[in-house]
Amino acid sequence: MSIPSPRPKGAIILGGSHGAIALARSLAGQGLDVWFVTNFTPLPRFSNAVHHWAEWPGAESPGAIEALEALVHKHSLENYLLIPAADEDVKFAAQQRERLSSLLVVTLPDWAQLQWACNKALTYQRAAELGIAVPRIYVVGDDLAATAASIEFPVVLKPTMRIAVNRFTQAKAWRADNAAEFIDLFTQAAQLQQGKDHIVVQEYIPGGGETQFSYAGLWWNGTPRASFAAQRTRQFPVEFSYTSTFVETVEQADVIAKGEAFLASIGHHGLCEIEFKRDPRTGELKLLDVNPRPWSWFGLAQAAGMDFGALLIALSAGETVDPPVARPGVGWMFMLRDSIVSLQLLAQGKLRLGDYLRSIGRTRTLATFAWRDPKPGLIELPLTAWRLLQRRIKPAGALTPAASTAASTISE
């Protein structure tokens, strides 16, 4: 008979933005001492749920592991949960899992397993092996003109991993509508990514929010413990998404089935969101991205009756957990951006005013603002404006037209 472990006293959230805020609120609500450690986005530290915050050199720094260990020892944070909430921090924690596990409860598998979720090239390979559809992938040769001649446009260029911070990774994806755009954007991306092997070129799947679904789940030692499906109903920008603006829980059995098939194949451990798109031309559900960390609309889980933070605490203590069920029809909204998106859709005749008002009525949680924790919502706009100003002052950070709109937010 196994002896239950003591409940953790606290948690360290490593990086992240909107998802990190929602996670901090959940953990603090369970009585945990919440630390936020960052080298980039400061927004979560303004939350009342974050009791302490600290800067560190970042996951890509040669001294990253030593800096984190020093923080743990200095403040007696041993046996706290470690939850990376940004892509580069996820990779760092997975690669250093064995060493970090001597100090902290690491809520990720090791890199040998997790790389299949983080590297898009490997993700699409594994999905294909499992019979899960993915967008058509184009192999790019040394002759870009010849490659362009074989492509059916439009296409999407994505970094295989969002690790280095540059205008390509911050934009998440660039769209090319013709051969000239493809050659130009691919050349820029290859320079930023230090080679073409770190870029994925895939077909652009048409369709708006009615085609966009996600699997959201919590796994423990290779077993799913809680999950639900969501529809990413509206997005910003409207045509080519950088971030979701209105997301709601739905019942979609195939989204759950395909999400769990993929995560079972890598023996996942921890949080994960998997993005799918239902191709309107064929009805086929295609896997787009895997995010093994708190995602932007993470707060939707708790609002729908599935508190992932509380479940993480219970599972880490070895407690028996009954799988919760998420209520369908519960919404999350990024209010400012969604108002812009909705005005555009209303003008285009793609959204009816009544449907928009009803979506507000279904909204139970917002991206940053909460009445009991208002500061993140109040400070987000001026903080974003300040970061935009800094980017414009630094010529090296200037964005291409394809990426300029997407970079006008705090990176998630």
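Residue numbers run from 1 in the order of the sequence given.
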For the pair [X] (side chain) and [Y] (backbone), establish whether a donor and an acceptor sit closer than 3.5 Å, ignoring hydrogens and angles.
X: Asn291; Y: Arg293; result: no
X: Gln191; Y: Ala189; result: no
X: Thr363; Y: Trp332; result: no
X: Thr160; Y: Lys120; result: no
X: Thr249; Y: Val330; result: yes
X: Glu181; Y: Asp177; result: yes
X: Arg25; Y: Asp373; result: yes
X: Asp279; Y: Glu284; result: no
X: Thr41; Y: Gly16; result: no
X: Tyr138; Y: Glu152; result: yes

Using a 6.0 Å cut-off, check whether atom [atom1] of [X] has over 12 heavy atoms from anything other than its own residue.
X: Glu129; atom1: CD; value: yes
X: Glu66; atom1: CD; value: yes
X: Asp143; atom1: CG; value: yes

Are [X] and [Y] close enough that some pair of their side-chain heavy atoms sits under 4.5 Å apart?
X: Pro154; Y: Asn178; result: no
X: Leu311; Y: Trp220; result: no
X: Val250; Y: Pro328; result: no

Is the cationic atom of [X] (NZ for Lys, CZ for Arg) positioned less than 6.0 Å from the six-membered ring centroid of [Y] and within 45 degrees of its normal?
X: Arg126; Y: Trp116; value: yes
X: Arg232; Y: Phe246; value: no
X: Lys277; Y: Tyr204; value: yes

Strictly under 6.0 Å, is that where the ring centroids of [X] and [Y] end up?
X: Phe36; Y: His51; value: no
X: His269; Y: Trp219; value: no
X: Phe46; Y: Trp53; value: no

Next on the checklist: salt bridge (charged side-chain N to carboxylate O under 4.0 Å, His left out) for Asp110 and Arg97? Distances and angles first, verdict last.
Outcome noted: CA-CA 6 Å; Asp110 62 32; Arg97 188 179 194 277; over 6 Å; no

Please find the pair of heavy atoms, one from [X] and one from [Y], that lie closest to each other, and give the distance.
X: Phe228; Y: Ile256; value: C-CD1, 3.5 Å
X: Ile340; Y: Phe236; value: CG2-CE1, 4.4 Å
X: Glu260; Y: Ser227; value: OE2-OG, 3.2 Å
X: Leu157; Y: Ile199; value: CB-CG2, 4.4 Å
X: Asn79; Y: Val105; value: O-CG2, 3.8 Å
X: Leu43; Y: Ser17; value: CD2-OG, 4.0 Å

Checklist entry - So Glu69 and Arg99, salt bridge (charged side-chain N to carboxylate O under 4.0 Å, His left out) or not? Walk me through it. => result CA-CA 10 Å; Glu69 288 173 335; Arg99 182 168 168 177; 2.7 Å; yes

Next on the checklist: Walk me through whether Lys91 and Glu88 qualify under salt bridge (charged side-chain N to carboxylate O under 4.0 Å, His left out).
Outcome noted: CA-CA 5 Å; Lys91 180 182 179 183; Glu88 62 273 19; over 6 Å; no

Next on the checklist: As a quick check of understanding, evaluate ring pair (Phe, Tyr, Trp, His ring centres under 6.0 Å) for Tyr80 and Trp35, giving each step before the final call.
Outcome noted: CA-CA 10 Å; Tyr80 274 37; Trp35 280 72; 7.7 Å; no

Checklist entry - In terms of side-chain heavy atoms, does Thr368 have a donor or acceptor partner in Glu380 at a distance below 3.5 Å? => result yes

Spatial distance of atom [atom1] ([X]) from atom [atom2] ([Y]) [nearest 0.5 Å]:
X: Gln170; Y: Leu192; atom1: CD; atom2: CG; value: 11.0 Å
X: Ile360; Y: Met335; atom1: CD1; atom2: CE; value: 5.5 Å
X: Ile151; Y: Gln202; atom1: CD1; atom2: CD; value: 12.0 Å
X: Leu130; Y: Ile132; atom1: CG; atom2: CD1; value: 5.0 Å
X: Asp184; Y: Leu144; atom1: CG; atom2: CG; value: 10.5 Å

Next on the checklist: My understanding is that only one of Lys258, Arg278, Gln231 makes a side chain to side chain donor-acceptor pair (under 3.5 Å) with Gln252; could you say which?
Outcome noted: Arg278

Item to check | Residues Tyr356, Arg234; criterion side-chain contact (heavy atoms from CB on, under 4.5 Å); working and verdict | outcome: CA-CA 10 Å; Tyr356 171 65; Arg234 291 192 291 273; 3.6 Å; yes

Checklist entry - Step by step, would you call Thr147 with Phe182 a side-chain contact (heavy atoms from CB on, under 4.5 Å)? => result CA-CA 10 Å; Thr147 298; Phe182 165 74; 4.1 Å; yes

Next on the checklist: Between Ile205 and Arg281, is the side-chain contact (heavy atoms from CB on, under 4.5 Å) condition met? List the steps.
Outcome noted: CA-CA 9 Å; Ile205 302 173; Arg281 299 165 297 188; 4.3 Å; yes

Checklist entry - Glu275 and Ser214: side chain to side chain donor-acceptor pair (under 3.5 Å), yes or no, with the steps? => result CA-CA 5 Å; Glu275 297 179 7; Ser214 280; 5.4 Å; no

Checklist entry - Does the side-chain contact (heavy atoms from CB on, under 4.5 Å) test come out yes or no for Trp56 and Leu71, once each step is laid out? => result CA-CA 9 Å; Trp56 75 314; Leu71 180 73; over 6 Å; no

Next on the checklist: Working note: Lys158 + Asp289, criterion salt bridge (charged side-chain N to carboxylate O under 4.0 Å, His left out); need CA distance, chi angles, decisive distance, verdict.
Outcome noted: CA-CA 10 Å; Lys158 294 182 178 181; Asp289 290 297; 3.2 Å; yes

Checklist entry - Out of Phe298, Phe369, Trp297, Phe334, which one pairs with His18 under the ring-ring contact (aromatic ring centres under 6.0 Å, His included) rule? => result Phe334

Next on the checklist: Applying side chain to side chain donor-acceptor pair (under 3.5 Å) to Glu55 and Thr38, what does each step give before you reach the verdict?
Outcome noted: CA-CA 5 Å; Glu55 292 182 341; Thr38 184; over 6 Å; no

Checklist entry - For the residue pair Trp295 and Phe308, does the interplanar ring angle fall in the parallel (under 30°), tilted (30 to 60°) or perpendicular (over 60°) class? => result perpendicular

Next on the checklist: One pair to check against side chain to side chain donor-acceptor pair (under 3.5 Å): Ser244 and Gln235. What are the steps and the verdict?
Outcome noted: CA-CA 4 Å; Ser244 297; Gln235 61 184 15; over 6 Å; no

Checklist entry - Can we say Glu203 and Lys286 salt-bridge, meaning some charged N sits less than 4.0 Å from an Asp/Glu carboxylate O? => result yes

